[in-house]
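Each remark here refers to the structure printed beneath this line.
Residues take their numbers from the sequence shown, with the count starting at 1.
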Amino acid sequence: MSFPLLTATAALPAIGAIATAAVPAARRTAAKWLALVVSLATLVLAGIVFARFEPGGDRYQLTESHAWIKDFGVRYELGVDGIGVALLALTALLIPFVILAGWHDADPLETNSSRWRPTQGFFALILMVEAMVILSFVATDVFLFYILFEAMLIPMYFLIGGFGDRAHSGSDENAAAQRSYAAVKFLLYNLAGGLIMLAAVIGLYVVAGSFSLSEIAEARANGSLDMATSTERWLFLGFFFAFAVKAPLWPLHTWLPNAMGEATTPVAVLITAVVDKVGTFAMLRFCLQLFPEASKWATPVIIVLALVSIVYGALLAVGQRDIKRLIAYASISHFGFIVLGIFAMTSQGQSGATLYMVNHGISTAALMLVAGFLITRRGSRLIADYGGVQKVAPVLAGTFLIGGLATLSLPGLAPFVSEFLVLVGTFSAYPVAGIIATVGIVLAALYVLVLYQRTMTGPVREGIGSMPDLKVRELAVALPLIALLIFLGVFPKPLTEVVNPAVQHTMHDVQKKDPQPEVEAAK
């Protein structure tokens, strides 16, 4: 029996979470270091998974399959494809930076204060989220995926509601109320989506007699599974609704700005750069693979929703006065691009959407974490409280600028490649949608450059003059992310050669081929 590498990669942070939570209360620093070491060890295992994955090999590799609930046909089945392995690597890469950036976010507010913030719990919850997200990217049993899809809401709820942003402009009571509201809204939205998905999961089992992706695909291929058109469409809608909430796609997006605004900055990164990717990933793995005809049927409406997300999110980002909420609305716009690329159903669009998930995770982490360092120094999230930062903290301003330029997809930085592929793939199939989507690019340039101009340039405002530049720990967070943005912007091949074969499998599932360009015959 081969070594269960996928299980080990997910089990390590789960075991680390338990160990971190068990560290004695007075040993906060030991808990932090334990969490960091566990996250780095998980990154090593994820690197081994990425290295062992063969792009030209089987669709699902490093597979594991064990009986779990025999009476209901539920199995513990794992397998990783090119899309899953890219997102698994992204998750494992970002968690050490999240832990480093949040090094002091759960420390006691005052020495020997009764208002204790459980440091051990904070880092244990982060590791538990990592374990669940990694396992969700490799689960090939629909019921197992559903359990993980719902279970990750629990640690995220406590991270949002129990460890809020200390830069809240109101009173402590108001801050606590806002945190509670954001956490409950996050939970209710995602639980509602999950309950609808549960009904669809049960319906799928009634129709297919299995939860296994491989068994359902085999049944479709040999003709033994003949799903009625109306049944397939209802089941698709149940799955898609849950994934659209998680994504988040307009009009199911309203929980995200509240959650990101009230959470600590590292937790905000965890939400949008890691957890939300499960939603868009699941659209590719489950919606398109299980319900190909229904996916094509729903495509026109979903493309409209994606376009609204792109333009609406960007417009709201332009008008924001809060730095973190601006980045949250920008993420809504970016997720619109991802969904657009998925349902354009071209190889360029889906490759671009997968790359967009990875590159958005890196660029948003870079911008949000540096913004968090800025907010911690000033104690305010309001853009109006800043000005002239580049004169007193040039390294902070420089890293903030590169993160912002990546967010607006500047050529030479990683997000440009993915956004370009999404637009090319969309335009070849839906020219009008491709044209409308470019509005998001123009608006992105507007909100990023205006944000930089108002916070970093101009005269030094009161309270900014004594602001320190980035410290060693903060540089250890920002510089590797920026280096990765530049590397993948210049040389995206390590990702494209892994992702493209998986995209071809998905294109085969939905029986779509890339549109051929029309060439006029020579006269």
Are any side-chain N or O atoms of E474 and backbone N or O atoms of K471, one a donor and one an acceptor, separated by less than 3.5 Å?
yes
If you compare all heavy atoms of I271 against all heavy atoms of A259, which two are closest, and at what distance to 0.1 Å?
CD1-CB, 4.0 Å
Counting only N and O atoms by type, is there a donor-acceptor contact under 3.5 Å from the side chain of R381 to the main-chain atoms of G261?
yes
Only one of T42, I134, V129, T9 passes side-chain contact (heavy atoms from CB on, under 4.5 Å) with T91, and that residue is I134
Is a side-chain N or O of Q320 found less than 3.5 angstrom from the main chain of L316, in a donor-acceptor match?
yes
Just wondering, more than 12 heavy atoms not from R321 lying within 6.0 Å of its CZ?
no
Test your reading of the model: is there a side-chain donor-acceptor pair from W255 to the backbone of V245, 3.5 Å cut-off?
yes
Could you grab the distance from atom CG of L369 to atom OG1 of T265, nearest 0.5 Å is fine?
7.5 Å
Please answer whether the main-chain N or O of G361 pairs with a side-chain N or O of T364 as donor and acceptor at a distance below 3.5 Å.
no
What pair of heavy atoms forms the shortest contact from G425 to A344, and how long is it?
O-CB, 4.2 Å
Nearest-0.5 Å distance that lies between atom CD1 in I323 and atom OH in Y386:
5.0 Å
Would you say S428 and T346 are linked by a side-chain donor-acceptor pair, where the criterion is simply a distance under 3.5 Å?
no
How are the rings of F145 and F281 set relative to one another: parallel (under 30°), tilted (30 to 60°) or perpendicular (over 60°)?
tilted
Give a yes or no answer on whether the side chain of R377 reaches the backbone of G372 with a donor-acceptor pair at less than 3.5 Å.
no
Check against ring-ring contact (aromatic ring centres under 6.0 Å, His included), F149 and F239:
CA-CA 11 Å; F149 186 83; F239 277 80; 9.4 Å; no
With side chain to side chain contact (heavy atoms under 4.5 Å, CB included) as the test, would you mind laying out the steps for M156 and M132 before giving the verdict?
CA-CA 11 Å; M156 287 305 306; M132 292 179 181; over 6 Å; no
Between H360 and Y356, how do the two ring planes meet: parallel, tilted or perpendicular, split at 30° and 60°?
tilted
Do you know which two heavy atoms are closest between P251 and L305, and how far apart they sit?
CD-CD2, 4.4 Å
Side chain to side chain contact (heavy atoms under 4.5 Å, CB included) between F137 and V80: does it pass, once the steps are laid out?
CA-CA 7 Å; F137 288 142; V80 64; over 6 Å; no
Considering only heavy atoms from C-beta outward, does the side chain of T254 approach that of K185 to under 4.5 Å?
yes
Flag if over 12 foreign heavy atoms under 6.0 Å of OH, Y452:
yes
Side chains of E262 and Y181: any donor to acceptor distance under 3.5 Å?
no
Going by side-chain contact (heavy atoms from CB on, under 4.5 Å), V358 matches just one of L484, V499, L87, L93. Which one?
L87
Is the closest side-chain donor-acceptor distance between Y430 and T299 under 3.5 Å?
no
Closest non-hydrogen atom pair, L485 against I362:
CD2-CG2, 3.6 Å
Would you please name every residue forming a side-chain hydrogen bond (donor to acceptor under 3.5 Å, both in side chains) with S333, sequence neighbours left out?
none
Are V392 and I464 packed together at the side-chain level, in the sense that at least one heavy-atom pair is separated by less than 4.5 angstrom?
yes
Could you tell me whether the side chain of R285 reaches within less than 4.5 Å of the side chain of D81, counting heavy atoms only?
yes
Give the intermediate values and the outcome of side chain to side chain contact (heavy atoms under 4.5 Å, CB included) for residues F343 and L288.
CA-CA 9 Å; F343 283 90; L288 270 60; 3.8 Å; yes
What's the spacing between I160 CD1 and L125 CG if we round to 0.5 Å?
11.0 Å
Using a 3.5 Å distance criterion without hydrogens, assess whether the side chain of S136 forms a donor-acceptor pair with backbone atoms of V133.
yes
Output for pair (T407 OG1, I402 CD1), nearest 0.5 Å, gives 12.0 Å
Do L475 and V395 pass the side chain to side chain contact (heavy atoms under 4.5 Å, CB included) test, and can you show the C-alpha distance, the side-chain angles, and the key distance before you say yes or no?
CA-CA 9 Å; L475 288 171; V395 178; 3.7 Å; yes
Test your reading of the model: is there a side-chain donor-acceptor pair from T438 to the backbone of I435, 3.5 Å cut-off?
yes
Can you tell me how far apart OG (S39) and CZ (F97) are? Round to the nearest 0.5 Å.
9.5 Å
Student check: side-chain heavy atoms of V318 and Y329 closer than 4.5 Å
no
Aromatic centroids of F335 and H253 separated by under 6.0 Å:
no
Flag the pair Q350 / L284 as yes when at least one side-chain heavy-atom distance between them is below 4.5 Å, and no otherwise.
yes
Shortest non-hydrogen pair, L252 vs A244, comes out as CD1-CB, 3.9 Å
Are the side chains of K324 and M260 in contact, using a 4.5 Å heavy-atom criterion?
no
Over all heavy atoms of both residues, which pair between G82 and A502 is shortest? Give the atoms and the distance, please.
N-CB, 3.7 Å
More than 12 foreign heavy atoms under 6.0 Å from CZ of F50: is that the case here?
yes
Side chain R378, main chain L374, donor-acceptor under 3.5 Å:
no
Contact between I482 and T399 at the side-chain level, heavy atoms closer than 4.5 Å - yes or no?
yes
Can you tell me if CZ on R454 sees more than 12 non-hydrogen neighbours from other groups inside 6.0 Å?
no
Kindly determine whether E293 and K296 satisfy salt bridge (charged side-chain N to carboxylate O under 4.0 Å, His left out), including the steps that lead there.
CA-CA 5 Å; E293 293 302 322; K296 289 185 284 188; 3.3 Å; yes
Ignoring hydrogens and geometry, is there a side-chain-to-backbone donor-acceptor pair from R461 to T455 under 3.5 Å?
no
Kindly indicate whether the side chain of F427, heavy atoms from C-beta on, has any atom under 4.5 Å from the side chain of L423.
no
Which distance, rounded to the nearest 0.5 Å, do you find between the CG of L396 and the CD of Q390?
11.0 Å
